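First listed ligand is number 1; within each ligand, the first listed atom is number 1. FYI, side chains are in, hydrogens and waters are out, and symmetry mates aren't considered; it's all heavy atoms of this structure. Values in this document were obtained by computation on a predicted structure and should not be read as measured data.
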Amino acid sequence: MLKVWGRANSSNVAKVTWCIGELELESERIDWGGRFGGNDDPDYRDRNPTGRVPTIEEDGEFSLWESGAIVRYLCAKHSPGGLCPSDLRVRAEAEKWMDWSAISLHPFNPAFVANMFVLPPEKRDAEAIVTAVKNAAPLFGILDHHLSSRAFICGDQFTMADIPAGTLTHRWIAYAPERPQHPNLEAWYERLKQRPAYVEHVCSITPGR
Ligand SMILES: N[C@@H](CCC(=O)N[C@@H](CS)C(=O)NCC(=O)O)C(=O)O
C-alpha cells in the first residue's frame, strides 16, 4: 500500500495525489503539515528530514520526499512509455518543464495562498498579489506560446510534464486578478479539466495551510 503524508490543500501534495489518481493506484493519504502539524515528529523527520509535505512510503519499506521526484518515480514505475515518456529526449523535455514549473513558475503561489486564503484579512497585502501576478504573467506567456503547437506539454499525449504546471495553472486561472489572456494555456486547462483526477485533486480543493 502506498501512503502519502500531506494536507490536501498543498499544491505540492496535489501534484502527488493527482498523479496517484491518474495512475489509479490504491493509496492512503494522512493529513499532515499546516494546521495538522506533525512536521517535527521524529518518525516523520526520519522519513523526510526537511519536515515538509508531501512524503510517500511504499509497502512500508521505501520512503521518498520532494514532490517532483515522487511524480517522476511513480510515473516511471507504473506508466513507462505513458505518463513517463520512454524516449530519453522526450523524457528530458518532460523533466525540464517539471523543473521549470517548480522553480520558476511556482513563486506566485505562496503569495496568493498567504494573501488570499491564510492571513487574517487585516494582514493581507494586496500589493504582494499585484507583484506576484506581474512577475508570473510573462512565465505563463512562455507556457502559452509552448502550447500553441501541441495539445499537452510534451505533445499529443498527457504526461507527467503536465502535472506540476497544471497544478499551478488552476490556481492562476481561478484566482489571479486581472491576468492577461492566454488562449492556448486556457485551452490546455480545459483539456486538463476533462480528467477526473485533476478535477478531484486540484480544481475542487481550496488552497490553504
Ligand atoms: N520542494 C518541495 C517543497 C515542499 C513544501 O515546501 N511543502 C509545503 C506545502 S506546499 C510545506 O510543507 N509547508 C509546510 C506545511 O505544510 O506544514 C516539494 O516539492 O515537495
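In this structure, F140 has its ring center no closer than 6.0 Å to that of W188. For F62 and Y73, the ring centers sit closer than 6.0 Å to each other. Taking the ring centroids of H146 and W97, they lie under the 6.0 Å cut-off.
Sorted by first then second residue, the salt bridge (Lys or Arg N to Asp or Glu O under 4.0 Å) pairs that include residues 157-182, not counting sequence neighbours, are R179-E186.
Residue E95 qualifies as enclosed at atom CD: its count of foreign heavy atoms under 6.0 Å is above 12.
Exactly one residue among P85, C19, S79 makes a side chain to side chain contact (heavy atoms under 4.5 Å, CB included) with M160. That residue is P85.
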Quick one: ligand 1 N/O to protein N/O pairs below 3.5 Å?
from: ligand 1; atom 1: 1 (N); to: E66; atom 2: OE1; distance (Å): 3.4
from: ligand 1; atom 1: 1 (N); to: E66; atom 2: OE2; distance (Å): 2.5
from: ligand 1; atom 1: 6 (O); to: R52; atom 2: NE; distance (Å): 3.0
from: ligand 1; atom 1: 6 (O); to: R52; atom 2: NH2; distance (Å): 3.2
from: ligand 1; atom 1: 7 (N); to: V53; atom 2: O; distance (Å): 2.8
from: ligand 1; atom 1: 12 (O); to: V53; atom 2: N; distance (Å): 2.8
from: ligand 1; atom 1: 16 (O); to: R7; atom 2: NE; distance (Å): 2.8
from: ligand 1; atom 1: 16 (O); to: R7; atom 2: NH2; distance (Å): 2.9
from: ligand 1; atom 1: 16 (O); to: G34; atom 2: N; distance (Å): 3.2
from: ligand 1; atom 1: 17 (O); to: G34; atom 2: N; distance (Å): 2.7
from: ligand 1; atom 1: 17 (O); to: N39; atom 2: ND2; distance (Å): 2.7
from: ligand 1; atom 1: 19 (O); to: N12; atom 2: OD1; distance (Å): 3.3
from: ligand 1; atom 1: 19 (O); to: E66; atom 2: OE2; distance (Å): 3.3
from: ligand 1; atom 1: 19 (O); to: S67; atom 2: N; distance (Å): 3.4
from: ligand 1; atom 1: 19 (O); to: S67; atom 2: OG; distance (Å): 2.6
from: ligand 1; atom 1: 20 (O); to: S67; atom 2: N; distance (Å): 2.9

